[in-house]
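Every chain is numbered from 1 and lettered A, B, ... according to where its sequence line falls, protein lines coming before strand lines. The model shown is predicted, which means the values in this text are computed figures rather than measured ones.
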2 protein chains.
Amino acid sequence: MPPVNRDVTIGDVASQAGVSRAQTARALGGYGSVSEAVHSRVLAAAEQLGYRANSLARSVSTGRSQSVGVVVGDIENPFFALSVRGISDTLRKAGYDVVLMNTGESPDLEVDAVRALDGKRVDGFLIAPALAPSYPHLQALVVSGRPLVLFDREAPGLVAPSVVVDVEVAARELIDDVVEAGHHRIGFVSTLSSPAASWNEDPQIAHTPVGRRLRAVADALRAYDLDLHAKDVRVGARGADDIRRHVRELVSGEDPVTTLLASDAVIAVSALEELRSLDVAVPGDVSVAVFDDPPWAGLVSPPLTVVSQPVLETGTAAARLLLGVMAGRSRAEVPALSAHLVRRGSIGPARAMQ
Amino acid sequence: MPPVNRDVTIGDVASQAGVSRAQTARALGGYGSVSEAVHSRVLAAAEQLGYRANSLARSVSTGRSQSVGVVVGDIENPFFALSVRGISDTLRKAGYDVVLMNTGESPDLEVDAVRALDGKRVDGFLIAPALAPSYPHLQALVVSGRPLVLFDREAPGLVAPSVVVDVEVAARELIDDVVEAGHHRIGFVSTLSSPAASWNEDPQIAHTPVGRRLRAVADALRAYDLDLHAKDVRVGARGADDIRRHVRELVSGEDPVTTLLASDAVIAVSALEELRSLDVAVPGDVSVAVFDDPPWAGLVSPPLTVVSQPVLETGTAAARLLLGVMAGRSRAEVPALSAHLVRRGSIGPARAMQ
DNA sequence: CTGAAAGCGCTAACAC
DNA sequence: GTGTTAGCGCTTTCAG
């Protein structure tokens, strides 16, 4: 009596095997105690009927879904792609699936995403929050005690662990090199829209990777009594053309910078394109460094000096941390991840002042 | 009477609002008909109690989950990352969530992934199947009528639509250029393990992007009475070092190739690294082309001539196709996507025979 | 080790 | 419009 137009259920398997539904469920679900005889009888019946477990029904019954929600701004971004791989691999080994939400860095979509995941009763959340004035949706997760771990970014005022990369030491080493090469005018380019006029006035930016990089650079410069000039920090670039415009403005004109810092590999591509079309030599005319170590960094001329970040580790660490939180370890240690400087060849002596 | 240690349910909201559960569900779920008065009363009660809809329960009841399962080999791979972005964006607009499974190209994990997704009762499947001898797990989906769309790869013998990129025309243009530049020995490097001794003996490879590229190249060469030599096709490279070894063997020795084709950007990076360390000039000593157009292709010296593929479109097209299938349009048109040649500068005159 | 029965939270027929 | 009632498929007491 195979069911006509509906899924095979545990009940079907039960009658086929001549056992109770409860016992069938135990055999199929691998819990409780069931005799060897019943076990094999049930499995045979299930196989014969083509039974497919319905984990949705199980979840509504148990209250757990064995899946975690992951929210990122842009899965296309190699940083997130690689993080998600680390997350996915780590969680799978622990028996969890990943429900992925891509927000396009839109705070509204992020709110929707969290709501949807919550509706699916995911057992935990892994979120790289988009830049927003406040985080009521995340706050709500926290107050209702749902396991939440942030990564790549932090949310000011939120008491949730966050896995971020420490760039201080690497940035200091970088700036040491740069300053010792005679540079004192440094430009920084990033894509990150902020309402604030200047980067260090914006409390939100401070909690983003870009903010941390900027602060680390500024701190390192301060040791030499140098400053990051406000007009040399371009954090609001929008798209390739805009990046190139910012770069152009920074390296040309009256008072050009002699070192250019790209906030990530995407920025670096546009920046290098612009420098090339401007016939600006690297590192002859301007030195360049990138906060990211893309696979091609060593292939261009000159090979790029970069601050390399442990990206995969960010993902695995965040996932592991979340597993701890879900297991009830509330006092989980947030792992320390550090970037490191890779000297290749795009930092050179500062061009003599004209 | 807020519930003690359990989720707020529709029942709680109902009593708080003084309406029946059914009516409350209708108001909250936005279906059926409910008066304005009741509607607002329910919403207020829900808000006040902090009600969170349980879409799992809904799914158990309705039989639909409003989510689709996506299975890829490696989310870290820019191709998949970008495809998934297209998929995710397209599906979200249609009201579907994405459950992502990363298999690491392991057929076993792929089987597990499909089973897990099926257990979650996803409404459809979007799969880039790993290379395997056969596809019983996918076949099972097909026979039980579950919406399934493949992308990037095909599964021999499976009657499921597949969204792949047509490289024939672009490859022909590329080979025209190459042959007219005087080349007749062409090497091809890829990472794809196959049991077959030679690429064109393996029926599985034919259905992968790599196989399509190889075939297109071979076909184009044939027009000139030229052949892809078996020993010049290296499809089994494993990891960066192995890729470099293959490249080394291809361009050196008695009878070197004069043109090197990289199957994707990852291969290209290692290949270019090896050529550089070998002091082989491009395109002076050997010409190079890549079946992929990474952002940095124009940055290296020389800028890379590539066959560019519509990656985002692959994702969106596959998602749209799946939406059609899920909507019951069984005779959906598989969209035609084509690659195109981007001439930049890595193809040059063949080195004179020594 | 086994089974009966109640319950998870929501939807859907059916009456009113 | 609204409420009643019976499910959806699985788990989980609680007896035995």
Asker: Holding to side chain to side chain donor-acceptor pair (under 3.5 Å), I want the full list of residues that pass it with A:Gln48, two or more places apart in sequence or in another chain.
Answerer: A:Gln16
Asker: For DNA chain C, note the earliest and the latest nucleotide, 5' to 3', having some atom under 4.0 Å of a heavy atom belonging to chain B.
Answerer: C:dG9 to C:dA13
Asker: With a 3.5 Å distance limit and no angle check, can you tell me whether A:Ser59 reaches the backbone of A:Arg64 through a side-chain donor-acceptor pair?
Answerer: yes
Asker: If we fit an axis to the first five pairs and another to the last five of the helix from C:dC1-D:dG16 to C:dC16-D:dG1, what angle do they make, to the nearest 10°?
Answerer: 30°
Asker: Measure from the side-chain N and O atoms of B:Tyr135 to the backbone N and O of B:Ala130, and report whether any donor-acceptor pair falls under 3.5 Å.
Answerer: yes
Asker: Which residues in residues 35-45 of chain A have at least one heavy atom lying under 4.0 Å from any atom of DNA chain C?
Answerer: A:Ser35, A:Val38
Asker: Starting at the 5' end of nucleotides 6-16 of chain D, put B wherever the base has a protein heavy atom under 4.0 Å, S where only the sugar-phosphate does, and a dash everywhere else.
Answerer: -BBBBBBB---
Asker: Mind checking what makes side chain to side chain donor-acceptor pair (under 3.5 Å) contact with A:His137, not counting sequence neighbours?
Answerer: A:Glu110
Asker: Using distance only, find each side-chain donor-acceptor pair of residues 118-125 of chain B under 3.5 Å and give its atom names and separation, not counting sequence neighbours.
Answerer:
from     : atom 1 : to       : atom 2 : distance (Å)
B:Asp118 : OD1    : A:Arg52  : NH1    : 2.4
B:Asp118 : OD1    : B:Arg146 : NE     : 3.1
B:Asp118 : OD2    : A:Arg52  : NH1    : 2.8
B:Lys120 : NZ     : A:Asp97  : OD2    : 3.1
B:Arg121 : NE     : A:Asp7   : OD2    : 2.8
B:Arg121 : NH1    : A:Ala53  : O      : 3.0
B:Arg121 : NH1    : B:Asp118 : O      : 2.9
B:Arg121 : NH2    : A:Asp7   : OD2    : 3.0
B:Arg121 : NH2    : A:Arg52  : O      : 2.9
B:Asp123 : OD1    : B:Ser65  : N      : 3.0
B:Asp123 : OD1    : B:Ser65  : OG     : 3.4
B:Asp123 : OD2    : B:Ser65  : N      : 3.3
B:Asp123 : OD2    : B:Gln66  : N      : 2.6

Asker: Return the set of residues passing side-chain contact (heavy atoms from CB on, under 4.5 Å) with A:Ser40 (not counting sequence neighbours), or none when no residue passes.
Answerer: A:Glu36
Asker: Quick one: list whatever passes side chain to side chain donor-acceptor pair (under 3.5 Å) with A:Asp112, sequence neighbours left out.
Answerer: A:Arg115
Asker: Using the side chain to side chain donor-acceptor pair (under 3.5 Å) criterion, which residues pair with A:Arg21? Sequence neighbours excluded.
Answerer: none
Asker: Which pairs, with at least one residue in residues 74-83 of chain A and sequence neighbours excluded, count as a side chain to side chain donor-acceptor pair (under 3.5 Å)?
Answerer: A:Glu76-B:Arg85
Asker: Is it the case that the side chain of A:Arg26 and the backbone of A:Tyr31 share a donor-acceptor pair, with hydrogens and angles ignored and the cut-off at 3.5 Å?
Answerer: no
Asker: Do any side-chain atoms of residues 318-328 of chain B form donor-acceptor pairs under 3.5 angstrom with protein atoms, and if so which ones, sequence neighbours left out?
Answerer:
none

Asker: Can any side-chain N or O of B:Ser55 pair as donor or acceptor with the backbone N or O of B:Arg58 at less than 3.5 Å?
Answerer: no
